[in-house]
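Worksheet: one structure, shown below.
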Amino acid sequence: MTLELSWYIIPAAFALDYFLGDPNFSLHPIRLLGRVVLLTESLFRHLSTPLFFSGLLFAVSLILGTWVVAVVIVLLAAAISPVLAGVVNIIIIYFCISARCLEKEALGIRNCLAKKRLEEAKNNLSMIVGRDVDALDASGISRAAVETVAENLVDGVISPLFFAVIGGAPLALAFKMVNTLDSMVGYKNERYVDFGKAAARIDDVANFIPARISVLIISLAAFILFRTGKPACSTAVRQGRNHSSPNAGYPEAAFAGGLSVCLGGPNFYFGRLVEKPYIGQGMAKVRPLHIEKACRLMMLSAVISMVAAALGTLF
């Protein structure tokens, strides 16, 4: 018995995300992963080892544990019925991708800006970014929204599908634990600079290939939508490294070239100014209208990723 996916699994999971979005309920699998992180962090922090090694054991244990639980669920379903196994695989992958939710959040910010509700836009933005938002103007809010749409295209679509093709639904869910750990403990502040370092590095390794694949996907989508495929690809190749993250700069640079806007630059995190290089310097300043264009680019990129992943399962 294997964990290989039938060709229809990924399109079906993607269709559920597209039409249903991300349901908000307490037993949502990704929210459960977050609860596991919260419940177990203190246990590993109190181990008699340096914080880095405690954090490494913490991350590896939770990632491996997530994969094992998902494998058991899928194999039990397969033992009962092939149809049930297909349904379980579809549901797991559905919860691992979040294109529709990302679009909804970003367009919500765009709508607030259109109605001049700046404080509401900031509040909504603070739910999906890690930077400080209090001092941002409309352009800064728009830039942050476009950047998070670009980065989360990888985290929320391309990477989960990539790992689903390689190792089925269990590996896709294990990646979501990697991503959850990074978002919860992968900070460079005083509390997590040592304990969360391993989680952040594992996330960097997991996203390394998908982030670079994203350049081709985004460039194709930019060509179809805006005829800007070439600048999207060339900007990513030339400036994809202009980011503190080894991966986030590539989709952001592709979006910068595809939308002909300047992204990146300094931001405040936890009250501390973090200097970052610009991506697409010399291009246009980001405006609220670019959020909608970024969402269109993200959604078409997600569809292309889905088709590529479905074809990947055939081989």
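Please read all numbers here as calculations on a predicted model, not as lab measurements.
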**Prompt:** Has R227 got its NZ or CZ under 6.0 Å from the middle of the six-membered ring of F223, at an angle within 45 degrees of the ring axis?
**Reply:** yes

* Asked: Side chain of T148, backbone of A144: donor and acceptor closer than 3.5 Å?
  -> no

Closest non-hydrogen atoms of A222 and G258, given as atom of the first, atom of the second and distance, are CB-CA, 4.1 Å

Output for pair (K176 NZ, S159 OG), nearest 0.5 Å, gives 8.5 Å

Separation between CG (L173) and CZ (F95), nearest 0.5 Å, reads 10.5 Å

Quick note, ring pair (Phe, Tyr, Trp, His ring centres under 6.0 Å) partners involving residues 156-182, not counting sequence neighbours, are F163-F175

* **Expected output: side-chain D203 to main-chain A199 donor-acceptor under 3.5 Å** => no

Practice task
Taking R45 for its side chain and L51 for its backbone only, find out whether a donor-acceptor pair lies under 3.5 Å.
Solution key: no

- prompt: Has the side chain of S139 got a donor or acceptor atom that lies under 3.5 Å from a matching backbone atom of V286?
  reply: yes

Please confirm whether the backbone N or O of D182 pairs with a side-chain atom of Y187, one donor and one acceptor, at under 3.5 Å? no

**Prompt:** Okay, side chain of D17, backbone of A99: is any donor-acceptor separation there less than 3.5 Å?
**Reply:** yes

ask   = So, the side chain of N152 versus the backbone of D155: is there a donor-acceptor pair under 3.5 Å, distance only?
value = no

Exactly one of T180, L33, V178 clears side-chain contact (heavy atoms from CB on, under 4.5 Å) with I63, and that residue is V178

Taken to the nearest 0.5 Å, the spacing of F255 CZ from I279 CD1 works out to 12.5 Å

Nearest heavy-atom approach of I291 to A145 is CD1-CB, 3.8 Å

Do E147 and R131 sit within salt-bridge range, that is, some charged N less than 4.0 Å from a carboxylate O?
yes

One should read off an interatomic distance between I217 CD1 and L300 CG, to the nearest 0.5 angstrom, of 10.5 Å

So the side chain to side chain donor-acceptor pair (under 3.5 Å) pairs with at least one residue in residues 284-302 (sequence neighbours excluded) are none

>> Between E41 and R191 (salt bridge meaning N to carboxylate O under 4.0 Å), is one present in this structure?
In response: yes

What one should report as the nearest heavy-atom pair of W67 and A174 is CB-CB, 4.0 Å

Minimal heavy-atom distance between T235 and P231, with the atoms involved, is OG1-O, 2.6 Å

TODO: Decide if atom NZ of K188 counts as having more than 12 heavy atoms of other residues, nucleotides or ligands within a radius under 6.0 Å.
DONE: no

Note to self: If we ignore hydrogens and angles and just use 3.5 Å, is the side chain of S6 paired with the main-chain N or O of Y8 as donor and acceptor?
What the structure shows: no

In terms of heavy-atom contacts, P210 and I158 come closest through O-CG2, 3.8 Å

| request: Return the orientation label for the F14 and Y18 ring planes: parallel under 30°, perpendicular over 60°, tilted otherwise. | output: parallel

Distance-only side-chain donor-acceptor flag, D22 / S98, under 3.5 Å: no

Closest heavy-atom pair, L161 versus I97, reported as atoms and distance to 0.1 Å, is CD2-CG2, 3.9 Å

